[in-house]
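Side chains included, hydrogens not; waters and symmetry mates left out as well; all remaining heavy atoms used. The sequence lines fix the lettering, A, B, ..., with proteins before strands; numbering per chain opens at 1.
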Amino acid sequence: MNTSVSTSLTDHLNPAQYEVVTASLNHLLVLAGAGSGKTSVLVHRIAWLMTQHQVSPFEILSVTFTNKAASEMRHRIEHILQFPIQHMWVGTFHGLAHRLLRKHWQEAKLPQAFQVLDSDDQQRLVRRVIKNLNLDEERWPPRKAQWFINAKKEEGLRPDKIMSGKDPSLETYRRVYADYEAICQSSGLVDFSELLLRSYELLENNPELLMHYQDRFKHILVDEFQDTNWIQYQWLKKLAGNSAKLMMVGDDDQSIYSWRGAKVENLQRFTRDFSSVQTIRLEQNYRSTSTILNAANAVIAYNENRMGKNLWTQGEKGELVSLYAAFNDRDEARFIVGQINLWLKNGGKREQAAILYRSNAQSRVIEEALIQFNMPYRIHGGLRFFERAEIKDALAYLRLICNRDDDGAFERIVNVPTRGIGDTTLSVLRDTARENQLSLWKTVQYVIEHQRLSGRAMSALAHFISLIDEMAKAVTELSLQETTEHVLIKSGLVAHYQEDRSEKGLARIENLEELINATSQFKPDIEIVPTSLLAAFLSHVALEAGEHQADQLSDAVHLMTLHSAKGLEFPLVFLTGLEEGLFPHNMSGQEPHQLEEERRLCYVGMTRAMKKLYLTYAETRYLRGREMNQKASRFIREIPKACLQEVRPKTTISRPVSVMSASYQPKNQTAQPGHEFGLGNHVQHPAFGEGIVLGYEGSDAHARIQIKFKTGTKWLVVAYANLRKI
DNA sequence: AACACCGCGTTTTTT
DNA sequence: ACGCGGTGTT
């Protein structure tokens, strides 16, 4: 035994963490509360296995959900061990499944050059299938069909295993699924859920292969286990076999993805499926103040179905949780900006602040306030790099060069930039392709041979065909980066986007340049026998869609949904829109289990905060173009009064006392009772500059003041507007 | 082929 | 309100 390593490894662990890291070689279920050091425990356990039990990196499989988590895991392990761990399988479920399929494409009955479809590609293909079946898209929305297909695959079901019986609707979806699957198989396409199902079947149908991997992986460690779906759990069980030791780390209270198939039940099922599972709870929180933690604990305690866990902290009590009842959504936003300014004044940084919301639509009003007050911010979420239209166009050319039968790629760029191949031509192509069971590419050759189209259409098509063929030929000797550059120029894409002189067009050109940059950085997976570097790059791109934003502002306030906040922490957190109907969200439903998931979401949001937590709601809010009267969320009532501090005391709402016309400017009026600034007073505002007081709404702590600035007339909350009389 | 207009839906997101 | 996709107009 290496004592020095073992002590330094376990030095900073608390008793529960120590118990996990040094547990004997059993199956482990670690119920790790928010901020309890779960990733650290996973990393230390791996290091412990390697240093104390002589486990080779080769024998370890470590699974996460996101690429980000996977790369962080790898870095942290390498940091502890101080050497690279190339042969350890650390990755996402999808990434590892993809690796298995690449390595064993023959056994998986896939073409060697199979390509990965992202959900956008998948939806296009599903739409195509629905059209081909002559189904009404209104009645059979492609989105729903796509959802159906993925749900079935996640349950491990192939079309022939779905018993539609007398249900005609189910039968229709089943047929769409069957046709979709047939097309994927014949054109070598694999969507995300297919990666999982196919690799599961690969193991199921190839006992020698399964034995090989069962023999290899002696330790399987899983992060965020509460987020696993049915097929992922089956996949893990299959790989584990009878000998591998499993360590599942998760938190039932942070299960917020059941709507996309995650089965929190897997936590309990694990303890039943495997004998002698040792369950350890990590309940000491190192993140939040005790006040924040008590508030969060009280909320989550309202859930009935819990495995039981109570987070505690040795940390300081900290400030009370502040609750602000805003007049409306704009007031809510203004309040938040005001409080962040206060934070900054006290030496805080913008990047320490996070504004969380239930739905993306809420960000707009907040953004407007941030812009108004010149506060830099960064939104997490939205379109990711490789999902941008211009990038997908460029990739479609590359895909077509790799595989001429990729109909999705063909359709995407056959007329981008426009080259005289219109809808009429395309629909002839599609019909002919279907009749003859050919890819669109082969159909073009067939159509030209049989003179099935007008001369003009055929010459345009012939031109396109030779364009692609010539690009493919020119590119054989080029590097990946040179290939991309060549294709971008020769395809006319760059020229096409350069014509757009607007901001948007400029950004697109920049993105295309960034794509070239990405190709130069690309390193293929060493475990996979390379087909071509280009093919490897295309798979990589589908599996890892890239950061949301290329330009990462350093000291900027973070804006994101509650869902994307999971796993993160910030000293200062604003939980916004705590209103019935919005959070808990109406669309999520009123059934107990749905309400419990919303409550878990609230718990996740609250436990992101380290030092200071603000809860806000608006009494009226614009929703879908309508001003709605909102009621405070039930989650607010679930927080003990002792943890809370109401910023604006709840009083009866006063209507505007006087609505002044902008032209009315009385001179030197004295301040009204309860108002520091009199009507007509000149005031100075930190952001808007000089202005004149025009009117009031309410009084005392929740008074709002109407001021005419050079830039326009605004309503501000006196208490936070930071006004100075001049 | 580019642009304007209409109607629809509108929670959350990763791979 | 807003953005999308589909249709119709120039």
In terms of ring plane angle, is the pair [X] and [Y] parallel, tilted or perpendicular, where the classes change at 30° and 60°?
| X | Y | value |
| --- | --- | --- |
| A/F522 | A/H540 | tilted |
| A/F93 | A/W235 | perpendicular |
| A/F574 | A/Y614 | parallel |

Hey, does [X] reach any base, or is it just sugar-phosphate, or nothing, if we go heavy atoms under 4.0 Å?
| X | value |
| --- | --- |
| A/S564 | sugar-phosphate |
| A/N586 | nothing |
| A/G420 | sugar-phosphate |
| A/Y257 | sugar-phosphate |
| A/D120 | nothing |
| A/N67 | sugar-phosphate |

Minimum-distance nucleotide (side-chain atoms of [X] versus [options]):
| X | options | result |
| --- | --- | --- |
| A/E387 | B/dT15, C/dG6, B/dT10 | B/dT15 |
| A/E137 | C/dG6, B/dT10, B/dT13 | C/dG6 |
| A/L543 | B/dT12, B/dT11, B/dT15 | B/dT15 |
| A/T92 | B/dT14, B/dT12, B/dT15 | B/dT15 |
| A/S119 | B/dT15, B/dT11, B/dA1 | B/dT15 |
| A/R384 | B/dT14, C/dG6, B/dT12 | B/dT14 |
| A/H94 | B/dT15, B/dT11, C/dC2 | B/dT15 |
| A/S588 | B/dT15, B/dT11, C/dA1 | B/dT11 |
| A/S359 | B/dA1, B/dT11, B/dT13 | B/dT11 |

Does [N] have its OP1 or OP2 closer than 4.0 Å to a side-chain nitrogen or oxygen of [X]?
| X | N | answer |
| --- | --- | --- |
| A/N360 | B/dT11 | no |
| A/R260 | B/dT11 | no |
| A/N229 | B/dT14 | no |

Revision key, fill the gap. When A/E544 and A/W259 are each assigned the nearest nucleotide of DNA chain B, the 5'-most assignment goes to A/W259

Exercise for review: Please figure out whether A/T418 or A/E598 has its closest DNA chain B nucleotide nearer the 5' end.
Suggested key: A/T418

Rounded to the Å, how far apart are [X] [atom1] and [N] [atom2]?
| X | N | atom1 | atom2 | result |
| --- | --- | --- | --- | --- |
| A/D223 | B/dT14 | CG | P | 16 Å |
| A/F385 | B/dT14 | CZ | P | 17 Å |
| A/L96 | B/dT14 | CG | P | 19 Å |
| A/L562 | B/dT13 | CG | C1' | 13 Å |
| A/D423 | C/dG6 | CG | C1' | 11 Å |
| A/E194 | B/dT14 | CD | P | 22 Å |
| A/R143 | B/dT13 | CZ | P | 13 Å |
| A/F192 | B/dT14 | CZ | P | 11 Å |

Practice item. Please test A/W259 against A/Y257 for ring pair (Phe, Tyr, Trp, His ring centres under 6.0 Å), starting from the C-alpha separation and ending with a verdict. Key: CA-CA 5 Å; A/W259 52 273; A/Y257 285 115; 5.8 Å; yes

Exercise for review: Classify the side chain of A/T66 versus the base of B/dT15 as yes if they form a donor-acceptor pair under 3.5 Å and no if they do not.
Suggested key: no

Review point. Looking at the rings of A/F410 and A/F464, which for Trp means the six-membered one, are their centres under 6.0 Å apart?
Key: yes

Practice item. Please find out if less than 6.0 Å separates the ring center of A/F217 from that of A/W89. Key: yes

Check your understanding: Would A/F65 pass as stacked on B/dT14, i.e. its ring centre under 5.5 Å from the base's six-membered ring centre and planes under 30° apart?
Key -> no

**Study point:** Residues A/E579, A/K631: salt bridge by 4.0 Å N-O rule
**Key:** no

